[in-house]
Amino acid sequence: MGRFDGRTAMITGAGKNIGKEIALAFAREGANIVVCDLNEENTRSTVKEIEAMGVGAMAAVCDVRDREKINFLVAEAEKRFGGIDILVNNAGGSAGLLGKLTPFADAEPETIDFVLDVNIKGSFNCAHAVLKNMIQKQWGKIINISSIAAVCGLKKRTDYAAAKAAMIGMARALALEVGQYNICVNCVSPGAIARNGDSHGSMTHLGEDGRMGEPKDIADTVLFLAGQDYITGQNIVVDGGRSLGPSHR
Ligand SMILES: NC(=O)c1ccc[n+]([C@@H]2O[C@H](COP(=O)([O-])OP(=O)(O)OC[C@H]3O[C@@H](n4cnc5c(N)ncnc54)[C@H](O)[C@@H]3O)[C@@H](O)[C@H]2O)c1
């Protein structure tokens with residue numbers, strides 16, 4: 001028996017790294033998965049891994065900024081699985097996605113728009129697309145992947161920090177509206193998470209040398225929240241204590 005048997009989870013940006021780890025973790029616990037990602041090859045390989053676990057998986061190759069396509073794919077998922085029970089808004093990132101991290105004064109307006117759109121509008125599009133079905137079923141979980149940048153700020157990422165803070169604001173306001181339908185809306189804010197084994201200075205307070213986070217640390221927290229019925233409108237920071245500041249130890 002898995003914790004999410006019979007549920008369907010849609011994870012955006014599930015082609016690799018954190019999103020993929022979250023998708024695999026839900027699949028291991030019995031959920032059907034809608035794998036939404038821009039990258040077709042990565043989407044298909046995540047779907048294959050999930051199908052091999054014996055649960056249903058649907059490839060949704062799509063840009064979360066494309067509202068019509070998201071609406072279409074969510075409607076397809078409703079036909080196939082009866083609707084999305086759990087939405088994880090994970091697709092996102094900073095100007096680093098375009099290789100364009102700069103101080104704000106030098107940022108191109110198009111890059112700022114891109115960062116705001118992918119994080120904010122992407123999450124709005126997906127939440128909007130799944131919500132009516134959740135309301136009908138009187139059950140749902142929406143989990144936004146924000147960032148400690150929203151809480152602490154981060155140089156060369158003014159647009160990103162603001163967009164991630166917007167995702168926290170969205171979770172709080174929406175939680176107030178949809179609590180009456182037993183829908184919980186929360187955020188998880190990662191600190192520095194290792195990608196493909198890299199490990200630049202992470203300034204955390206866990207482990208002998210302040211270990212970086214792993215995608216599993218985020219997936220564990222997302223699954224925890226998806227399993228709770230009395231936590232809503234919250235932001236859980238998962239950063240190994242980094243946002244506590246220096247320890248002077
Ligand atoms: N890695 C970190 O240290 C860290 C820290 C804090 C927050 N986060 C947040 O966690 C989330 C995942 O981070 P990651 O490091 O795994 O990212 P990543 O860049 O490694 O992977 C992101 C995935 O999302 C997909 N994607 C990007 N834009 C998309 C779009 N418009 N539509 C659909 N799919 C899209 C990409 O194809 C990719 O598969 C992001 O929202 C990021 O901002 C990451």
Side-chain angles (χ1 to χ4, degrees), residues 10-25 34-47 49 59-70 73-74 87-101 111 113-127 129 143-154 156-157 159-168 170-171 187-204 211-219 221-222 235-240 242-243:
M10 170 163 144
I11 325 296
T12 67
K16 63 176 179 167
N17 290 334
I18 296 174
K20 180 172 182 178
E21 188 77 22
I22 295 169
L24 295 178
V34 178
V35 178
C36 173
D37 202 289
L38 265 182
N39 183 302
E40 182 163 2
E41 202 184 328
N42 290 346
T43 302
R44 303 225 176 270
S45 81
T46 304
V47 162
E49 279 185 56
V61 179
C62 183
D63 187 329
V64 290
R65 293 173 298 166
D66 184 341
R67 187 181 295 140
E68 281 184 13
K69 186 101 189 267
I70 288 290
L73 287 166
V74 167
L87 167 68
V88 182
N89 282 316
N90 165 80
S94 67
L97 281 178
L98 304 176
K100 291 191 170 177
L101 284 179
T111 305
D113 285 349
F114 168 81
V115 174
L116 299 181
D117 283 355
V118 69
N119 293 285
I120 306 179
K121 282 198 198 152
S123 308
F124 273 62
N125 289 342
C126 295
I143 299 165
N144 292 341
I145 306 300
S146 178
S147 165
I148 53 162
V151 181
C152 304
L154 201 57
K156 299 187 182 173
R157 292 168 183 81
D159 43 12
Y160 177 70
K164 290 301 195 185
M167 292 170 75
I168 298 173
M170 179 264 243
C187 289
V188 174
S189 287
I193 304 301
R195 285 187 186 148
N196 311 318
D198 70 350
S199 62
H200 55 82
S202 59
M203 296 180 289
T204 77
R211 78 166 176 91
M212 273 185 102
E214 304 284 339
K216 182 178 182 305
D217 295 313
I218 307 308
T221 312
V222 169
N235 174 39
I236 301 189
V237 176
V238 184
D239 69 345
R242 181 174 171 176
S243 52

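Counting convention: from 1, in listed order, for ligands and their atoms alike.
Distances from atom 33 (C) of ligand 1 to the heavy atoms of C36, G15, G13, C62 show the closest one on C62. By heavy-atom distance, the residue among V238, I145, L38 lying nearest atom 28 (N) of ligand 1 is L38. Checking G191, A192, S146 against atom 4 (C) of ligand 1, the nearest heavy atom belongs to G191.
At a 3.5 angstrom cut-off on N or O pairs, K164 counts as close to ligand 1. Between A91 and ligand 1, a contact under 3.5 Å exists for no N or O pair. Below 3.5 Å of separation, one finds an N or O of D37 facing an N or O of ligand 1.
Salt-bridge formation is detected for the pair D217/R211: a Lys NZ or Arg NE/NH1/NH2 atom is positioned less than 4.0 Å from an Asp or Glu carboxylate oxygen.
The shortest heavy-atom distance from N42 to ligand 1 is not under 4.0 Å. Residue I148 places every heavy atom at 4.0 Å or more from ligand 1. Not a single heavy atom of K20 sits under 4.0 Å from any atom of ligand 1. Within the structure, ligand 1 lacks G122 among the residues with a heavy atom less than 4.0 angstrom away. The shell of residues lying under 4.0 angstrom from ligand 1, judged by heavy atoms, includes N90.
Of all protein heavy atoms, the one closest to atom 32 (N) of ligand 1 is V64 N, 3.0 Å. In terms of protein heavy atoms, atom 20 (O) of ligand 1 is closest to N17 ND2, 2.5 Å. For atom 17 (O) of ligand 1, the closest heavy atom belonging to the protein is R195 NH2, 3.9 Å. Scanning the protein heavy atoms around atom 6 (C) of ligand 1, the nearest turns out to be P190 O, 3.3 Å. Looking at atom 21 (O) of ligand 1, its nearest protein heavy atom turns out to be K16 CE, 3.7 Å. For atom 44 (C) of ligand 1, the closest non-hydrogen atom of the protein is I18 CD1, 3.8 Å. The single protein non-hydrogen atom nearest to atom 3 (O) of ligand 1 is I193 N, 2.8 Å, given as residue, atom name and distance.
Within a 6.0 Å radius of CZ in R65, more than 12 heavy atoms belonging to other residues, nucleotides or ligands are found.
With N42 contributing its side chain and K16 its backbone, the two residues share no donor-acceptor pair below 3.5 Å. With hydrogens and angles disregarded, a donor-acceptor distance shorter than 3.5 Å links the side chain of N144 to the backbone of M167. In this structure, the side chain of K121 does not engage the main chain of V64 through any donor-acceptor pair within 3.5 Å. Using a distance-only test at 3.5 Å, with no hydrogens or angles considered, no donor-acceptor pair links the side chain of T204 to the main chain of R242.
Less than 4.0 angstrom separates some heavy atom of D63 from each of these atoms of ligand 1: 30 (C), 31 (N), 32 (N). Listed by atom number, the atoms of ligand 1 under 4.0 Å from L97 heavy atoms are 19 (O). Near G93, meaning under 4.0 Å from one of its heavy atoms, ligand 1 places the atoms 43 (O). Close approach to Y160 involves these atoms of ligand 1, each under 4.0 Å from a residue heavy atom: 6 (C), 7 (C), 8 (N), 9 (C), 42 (C), 43 (O). Residue V118 has at least one heavy-atom neighbour below 4.0 Å for each of these atoms of ligand 1: 28 (N), 31 (N).
Paired with L38 under the rule side-chain contact (heavy atoms from CB on, under 4.5 Å), one option of D63, T12, V61 passes, and it is D63. Screening T221, I218, D239, I236 for a side-chain contact (heavy atoms from CB on, under 4.5 Å) with P190, the sole residue that qualifies is I218.
A pairwise comparison of heavy atoms in A163 and N119 identifies CB-CB, 3.7 Å as the closest pair. Residue S189 comes nearest to S146 through the heavy atom pair OG-CB, 3.3 Å, listed as atom of the first residue, atom of the second, then distance.
Note: T43 OG1 to K20 NZ = 10.5 Å, rounded to the nearest 0.5 Å. The line from OH of Y160 to CG of L101 is 10.5 Å long, rounded to the nearest 0.5 Å. Taking CD1 of I18 as the start and CD of E214 as the end, the distance is 10.5 Å to the nearest 0.5 Å.
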Given the rule in the side-chain contact (heavy atoms from CB on, under 4.5 Å) test, do L154 and K156 qualify, once you have shown the distances and angles that lead to the verdict?
-> CA-CA 6 Å; L154 201 57; K156 299 187 182 173; over 6 Å; no

